[in-house]
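Below: the structure, in C-alpha cells.
In each ligand, atom 1 is the first atom listed, and ligand 1 is the first ligand listed. This one's a predicted model, so the numbers in the text were calculated from it and none came from an experiment.
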Amino acid sequence: MKDCIKISCLALMVLLLASCSPDPVTGYEFMMDTQCSITVYERGDEAFIDGTFQFVRQLASRLDRYDESSEIFRINAMAGREPVKVTGQVFELISRARDLCEDTDGLFNILMGNISDLWGFTSAEPHVPSDEELAELTAAADISNLVLNEEDQTVYIADEKASLDLGAIAKGYASQAAADYLRSQGVEKAVINFGGNVYCIGTRPDSSPWRVGIQNPDTEYGGYFTTVEVSDCAVVTSGGYQRYFIQDGVRYHHILDPATGRPADSDLASVSIICEDGALADALSTACFVAGADKAEELCRKFGVSALFLTQSGEVIRI
Ligand code: AMP
Ligand code: MG
C-alpha cells in the first residue's frame with residue numbers, strides 16, 4: 001500500500017497576471033494551512049502589509065477548530081454537553097454558514113469536522129475509514145444538530161459525535177474581511193490570495209480588469225488552463241486535486257459528500273465561483289464541486305453568481 005498526501009502550493013495555483021506599475025508591494029505568510037499573499041498597489045509598504053496580515057492572523061485563529069483558544073474549539077469541546085456563548089462576528093458567520101447548508105440542500109455542511117479527521121487528510125497517516133465509523137459520524141453530522149440561539153448568541157452541537165469545521169468558508173470569509181480592511185485604509189487596488197481564494201480590489205493600475213489564472217488540476221504547481229477577468233470581486237476555486245491521498249492505488253480527496261461522508265464522486269475537476277462576496281464564493285465552490293455539473297449550474301443560477309467549471313473530461317463550462 002502506498003500512502004501519500006499532496007498539499008498543492010495553492011499560492012501558485014492562481015496566477016495573477018498583473019501589470020507592474022506603479023510598484024506593488026507583496027507580502028507572504030503561511031496561514032489557515034495554506035500559502036497566503038497580499039499585494040497592494042499605490043499605498044503599500046511592508047509595515048502596512050504586516051499590519052494587514054496581523055489583522056487576518058487574529059481572525060483566522062478565531063475560526064480555527066484546532067486552536068484551543070478559539071470559540072470554534074470550545075463549541076466542539078462542548079458538543080453534546082452545553083451551548084457556548086460566542087462573539088457577534090463568530091455567531092454571524094456560523095449562522096450564515098448554517099443557512100448556506102440549507103440553501104445548498106445540504107451539499108455544503110459545516111458539521112463534518114470529525115469525518116475529515118477520521119480520514120486524516122491533514123495528518124501524517126491518512127487512511128480510508130470503516131463503513132461503520134463513517135455511517136455513525138455521517139448521521140451525527142446532520143445539520144439539525146447545530147442549534148443556534150440568536151438572543152443568547154450561543155452555539156450548541158446536539159450530538160457529541162459531530163464537530164464544526166469552517167474550512168470550506170473561512171478562507172473566503174477572511175479574504176473578504178482583508179479586502180474590507182484594506183478598503184477602510186484607503187487602498188483602491190490590491191490582490192489578496194489565500195490559497196486559491198482570490199479577492200481583487202479595484203482594477204489594475206492601467207484601469208483594466210485583473211486577470212486571475214485558474215489552476216490546471218493536472219499540473220503540480222502553477223499552470224493555468226484559462227483566466228477570468230474581474231474587478232472588485234472574489235474568485236474562489238475548489239477541486240479534489242488540492243488535497244488528497246492515495247491508498248491501494250485509489251485517490252481519495254478532501255471534499256466530502258455529506259450524504260456518505262466519502263470524497264464526493266464529482267464529474268467536476270474544479271469549480272471557480274466569481275462574485276462580490278468572498279464567503280459565499282468559498283462555500284459555493286465547495287458545494288458546487290460536491291453537486292456535480294448539472295446541479296452546480298442550478299445552484300449558481302439560484303445564487304446569481306458567475307462560475308467556471310472544469311469537468312473531469314476536460315470540458316470548460318462558463319456560467
Ligand atoms: P474548500 O477547499 O473550500 O473546497 O473546502 C474544503 C474543506 O472544507 C475540507 O478540507 C474540509 O475541511 C471541509 N469540507 C469538506 N467537504 C465539505 C462539505 N461538503 N461542506 C463543507 N465543508 C466541507
Ligand atoms: Mg470552499
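Residues Leu137 and Leu107 do not share a hydrophobic cluster, clusters being chains of Ile/Leu/Val/Met/Phe/Trp/Tyr side chains in contact below 4.5 Å.
At least one N or O atom of Asn109, backbone or side chain, sits closer than 3.5 Å to an N or O atom of ligand 1. The distance criterion of under 3.5 Å between nitrogen or oxygen atoms is not met by Arg243 with respect to ligand 1. Polar contact with ligand 1: present for Asp282 (N/O pair, distance under 3.5 Å). Checked against a 3.5 angstrom limit, the closest N/O atoms of Leu256 and ligand 1 fall inside it.
The ligand atoms of ligand 1 that sit less than 4.0 angstrom from a heavy atom of Ile255 are 4 (O), 15 (C), 16 (N). Within the listing of ligand 1, atoms 11 (C), 12 (O), 13 (C) sit less than 4.0 angstrom from a heavy atom of Asp165. Residue Gly167 approaches ligand 1 through these ligand atoms, each under 4.0 Å from one of its heavy atoms: 5 (O), 8 (O). For ligand 1, the atoms sitting less than 4.0 Å from at least one non-hydrogen atom of Leu107 are 18 (C), 19 (N), 20 (N), numbered in the order shown with element in parentheses. Close contacts between ligand 1 and Phe108 involve ligand atoms 20 (N), 21 (C) [criterion: under 4.0 Å to a heavy atom]. Those atoms of ligand 1 that come under 4.0 Å of a heavy atom in Ser238, given as number and element, are 1 (P), 3 (O), 4 (O). Listed by number with element, the atoms of ligand 1 under 4.0 Å from a non-hydrogen atom of Pro258 are 19 (N).
Shortest contact from atom 23 (C) of ligand 1 to any protein heavy atom: Ala168 CB, 3.9 Å. Scanning the protein heavy atoms around atom 9 (C) of ligand 1, the nearest turns out to be His254 ND1, 3.5 Å. Scanning the protein for heavy atoms near atom 1 (P) of ligand 1, the closest one is Thr286 OG1, 3.3 Å.
At a cut-off of 2.8 Å, Lys171 is not counted among the residues with an N, O or S atom near the Mg ion (ligand 2).
A donor-acceptor pair under 3.5 Å is formed between the side chain of Asn197 and the backbone N or O of Gly172. The main-chain N or O of Ala77 is found under 3.5 Å from a side-chain atom of Arg81 such that the two form a donor-acceptor pair. With hydrogens and angles ignored, the 3.5 Å screen pairs a side-chain donor or acceptor of Ser70 with a backbone N or O of Asp64.
The six-membered or imidazole ring of Tyr244 lies away from that of Tyr252, with a centre-to-centre distance of 6.0 Å or more. For an aromatic pair to be called close, the ring centres must be under 6.0 Å apart, and Phe121 with Phe245 satisfies this. For Phe289 and His253, the gap between ring centers is short of 6.0 Å.
Under the 4.0 Å criterion applied to side-chain N and carboxylate O atoms, Arg62 and Glu71 are assigned as salt-bridge partners. Using a 4.0 Å cut-off between charged nitrogen and carboxylate oxygen, Asp103 and Arg96 do not count as a salt-bridge pair. Asp33 and Lys171 are not joined by a salt bridge, as no carboxylate oxygen comes within less than 4.0 angstrom of a charged side-chain nitrogen. Between Asp131 and Arg262 there is a salt bridge, since at least one side-chain N of the basic residue sits less than 4.0 Å from a carboxylate O of the acidic one.
Here the angle centred on the Mg ion (ligand 2), running from OG1 of Thr286 over to O of Asp282, is 90°, rounded to 10°.
Contacts between Met112 and ligand 1 below 4.0 angstrom, taking non-hydrogen atoms only, involve the side chain exclusively.
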